[in-house]
Amino acid sequence: MGVMGLEKLAIHGGTPVRSKPWVSKYMGSEELGVEEKARVLRVLKKKRIFRYLPSGLETSEASALEEEYKSFLGTNYALAVNSGTSALICALVAAGVGPGHEVIIPAYTWVATAAAAAVLGAVPILAEVDSSLTLDPADLEAKITSRTKAVVVVHMRGISAAMDEIMAVANKHDLMVIEDAAQANGGTYGGRRLGSIGHLGCFSLQQSKVIAAGEGGMVVTDSEEMWQRAVLYHDGAGYQFRFVERKIPAFPGQNYRLTELQAALSLGQLEKMPAILARTRENKRKLVERLKEQQKIELSPVFGTERDLGVSLIFYVENEEKARLTAQALTAEGIPAFQVYDSQANDQHIYVNWEFLMAKRDAWGGSFPWSLLEGDGVEYSKDSCPKTLGLLGRAVQIHLNHLVSDADLQDVEAAINKVAFHLL
């Protein structure tokens with residue numbers, strides 16, 4: 001059905017399914033309130049906004065946040081940093097990734113995943129995602145070469161990747177596994193917390209994440225050596241403050257420290273998170289059950305399961321044109337939606353829009369780190385991951401959160417059914 005097929009929908013007049021505004025897409029920022037204000041004021045009252053002072057680490061807000069993460073995830077070590085990107089970079093350094101190494105990443109992730117590898121002189125290698133929109137274990141194995149050092153597994157849109165299969169591949173080929181749980185903080189896989197399954201886990205505390213401090217991040221691991229390497233890289237002088245016994249030699253680091261104000265904003269939110277995510281999971285489960293009867297859309301088998309945090313609804317339609325029209329029509333019905341891959345947009349979650357990667361360009365205009373590779377070079381193009389673009393092109397997404405009510409879910413179902421009837 002072409003554009004004229006929309007004439008019965010609200011986009012061309014008529015009564016939309018929903019007239020009231022849709023709930024905010026942001027998660028953690030909605031939970032900032034009296035408790036967070038009190039914690040920030042406490043920091044200001046102490047007049048200590050830098051974590052390292054003679055009074056000791058035990059009084060540091062950042063240290064308290066690290067303890068919260070260790071307890072919540074069940075890991076031995078945690079390191080607070082100033083962004084999710086910093087967390088990725090520190091984790092790669094901790095894993096021993098450096099110039100000339102290849103790092104396999106999914107073709108659907110925030111651009112920082114590729115950039116973090118490239119700024120260390122490593123070469124990002126794109127791998128396909130499957131219908132869960134997370135890394136395809138089969139393509140991961142197909143992309144491994146003698147130069148592969150690590151894989152960054154990204155739990156996208158609140159969906160956990162197939163960690164059993166991925167860890168089996170990684171163990172077989174002796175690869176380091178870094179979990180990027182920026183979009184799935186609090187998620188689980190097989191009863192284990194995301195971020196605690198691989199060798200290292202990374203989290204973001206940015207505005208739109210489950211826990212928000214504006215900016216911030218966390219690295220977790222069970223390895224003392226990897227933790228010490230991450231500490232040294234996030235603060236080149238950190239060994240003066242952090243280690244009872246330093247087990248690695250000093251090396252140059254950056255300044256990725258988290259401030260006490262950011263840590264104070266984040267403290268205590270982990271306690272709230274299970275209840276929040278219980279609501280998002282239940283909402284998603286209900287919605288998936290309702291939509292299973294709609295034969296004109298396709299849902300991934302993992303949607304609505306333990307692997308799904310429920311922070312978004314994604315479904316697939318027949319082709320890219322119908323996905324574009326479906327997103328427009330749902331928005332006109334009062335349910336904001338978008339086509340996940342729109343070739344006219346510049347969404348930095350999709351590899352074809354990572355300009356520096358497509359051009360193999362470094363910060364100085366050259367081609368480092370790709371110039372380090374011997375033999376056949378790595379090439380990037382729109383055709384690098386066709387399966388991923390095919391999936392994303394026919395995928396439609398609606399943001400969800402814990403504020404969504406049963407009436408909201410009914411509106412989503414009604415709007416999708418209406419659009420499917422007239423358009424699909």
Side-chain angles (χ1 to χ4, degrees), residues 1-12 16-18 21-26 106-111 126 128-134 136 154 156-159 183 208 284 287-288 291 294-300 302-303 308 310-355 358 382-401 404 408 411-424:
M1 185 179 294
V3 175
M4 292 304 294
L6 292 175
E7 59 190 19
K8 292 185 179 180
L9 301 176
I11 194 170
H12 283 290
V17 166
R18 183 185 179 90
W22 186 244
V23 291
S24 168
K25 77 173 188 177
Y26 292 117
Y108 182 48
T109 177
W110 183 243
V111 62
L126 298 170
E128 302 273 19
V129 301
D130 59 26
S131 67
S132 70
L133 298 183
T134 65
D136 182 345
V154 184
M156 280 295 291
R157 306 299 183 191
I159 307 293
Q183 295 192 14
S208 60
K284 183 67 172 289
L287 194 52
V288 167
L291 293 176
Q294 179 48 259
Q295 299 298 310
K296 295 183 178 180
I297 66 171
E298 175 189 344
L299 297 166
S300 170
V302 306
F303 294 166
D308 189 350
V311 296
S312 66
L313 170 69
I314 297 173
F315 61 86
Y316 302 100
V317 297
E318 184 179 353
N319 54 49
E320 293 186 22
E321 176 67 7
K322 287 190 175 181
R324 181 179 64 82
L325 295 175
T326 297
Q328 291 177 350
L330 286 172
T331 301
E333 292 297 330
I335 308 295
F338 61 94
Q339 182 182 15
V340 177
Y341 172 53
D342 177 355
S343 59
Q344 302 304 309
N346 189 31
D347 185 353
Q348 292 297 301
H349 289 93
I350 302 169
Y351 75 94
V352 294
N353 296 321
W354 302 340
E355 183 180 341
M358 293 294 103
K382 183 176 179 179
D383 298 324
S384 294
C385 291
K387 176 183 173 183
T388 295
L389 288 190
L391 279 169
L392 301 182
R394 59 188 188 89
V396 179
Q397 180 170 347
I398 298 169
H399 287 296
L400 303 173
N401 62 29
V404 170
D408 296 326
D411 286 345
V412 172
E413 180 187 13
I416 290 175
N417 286 336
K418 180 179 178 182
V419 170
F421 178 80
H422 290 289
L423 185 60
L424 303 178

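Values reported hereafter were calculated over all heavy atoms of this structure, with side chains retained and with hydrogens, waters and symmetry mates removed.
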| What do the steps show when you test Phe303 against Ile159 for side chain to side chain contact (heavy atoms under 4.5 Å, CB included), and what is the final call? | CA-CA 8 Å; Phe303 294 166; Ile159 307 293; 3.9 Å; yes
Could you report the tightest heavy-atom contact between [X] and [Y], atom names first, then the distance?
| X | Y | result |
| --- | --- | --- |
| Val352 | Met358 | O-CG, 3.8 Å |
| Leu423 | Lys322 | O-CE, 4.2 Å |
| Ser312 | Lys284 | O-NZ, 2.7 Å |
| Gln348 | Trp110 | CB-CZ3, 3.4 Å |
| Met156 | Leu133 | CB-O, 3.6 Å |
| Gln339 | Gly393 | NE2-O, 2.7 Å |

| request: Say whether, by atom type as modelled, one donor and one acceptor occur between the side chain of Glu128 and the main chain of Thr388 under 3.5 angstrom. | output: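 Yes, Glu128 side chain to Thr388 backbone: donor-acceptor pair under 3.5 Å.
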| task | Measure from the side-chain N and O atoms of Arg18 to the backbone N and O of Glu333, and report whether any donor-acceptor pair falls under 3.5 Å. | result | no
| query | Do the ring planes of Phe338 and His399 sit parallel (below 30°), tilted (30 to 60°) or perpendicular (above 60°)? | reply | tilted
| Hey, which of Leu424, Ile416, Val419 is the one that makes side chain to side chain contact (heavy atoms under 4.5 Å, CB included) with Lys296? | Leu424
| field | Qualifying residue, where the test is side chain to side chain contact (heavy atoms under 4.5 Å, CB included) with Pro106 and the options are Thr134, Leu126, Val129 | value |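 By the side chain to side chain contact (heavy atoms under 4.5 Å, CB included) criterion, Pro106 pairs with just one of Thr134, Leu126, Val129: Val129.
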| Residues, nucleotides or ligands: over 12 heavy atoms within 6.0 Å of Glu298 CD | yes
| Given Leu389 and Tyr351, is the side chain to side chain contact (heavy atoms under 4.5 Å, CB included) satisfied, shown in steps? | CA-CA 9 Å; Leu389 288 190; Tyr351 75 94; 3.6 Å; yes
First locate atom [atom1] of [X], then atom [atom2] of [Y], and finally report the distance between them rounded to the nearest 0.5 Å.
| X | Y | atom1 | atom2 | answer |
| --- | --- | --- | --- | --- |
| Leu330 | Ile335 | CG | CD1 | 7.5 Å |
| Leu392 | Ile350 | CG | CD1 | 5.0 Å |
| Leu391 | Cys385 | CG | SG | 11.0 Å |
| Ile314 | Leu299 | CD1 | CG | 10.5 Å |
| His349 | Thr109 | NE2 | OG1 | 7.0 Å |
| Asp308 | Leu400 | CG | CG | 9.0 Å |

Report yes if the side chains of [X] and [Y] come closer than 4.5 Å at any heavy-atom pair, otherwise no.
| X | Y | value |
| --- | --- | --- |
| Tyr108 | Arg157 | yes |
| Gln344 | Arg324 | no |
| Tyr341 | Asp347 | no |

| field | Working for side chain to side chain contact (heavy atoms under 4.5 Å, CB included), residues Ile297 and Thr326 | value | CA-CA 11 Å; Ile297 66 171; Thr326 297; over 6 Å; no
| task | Answer yes when Asp130 and Lys387 have at least one side-chain N-carboxylate O distance shorter than 4.0 Å, and no when they do not. | result |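 No salt bridge links Asp130 with Lys387.
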| request: Output, in order, the C-alpha distance, side-chain angles, deciding distance and verdict of side chain to side chain contact (heavy atoms under 4.5 Å, CB included) for Lys418 and His422. | output: CA-CA 6 Å; Lys418 180 179 178 182; His422 290 289; 4.0 Å; yes
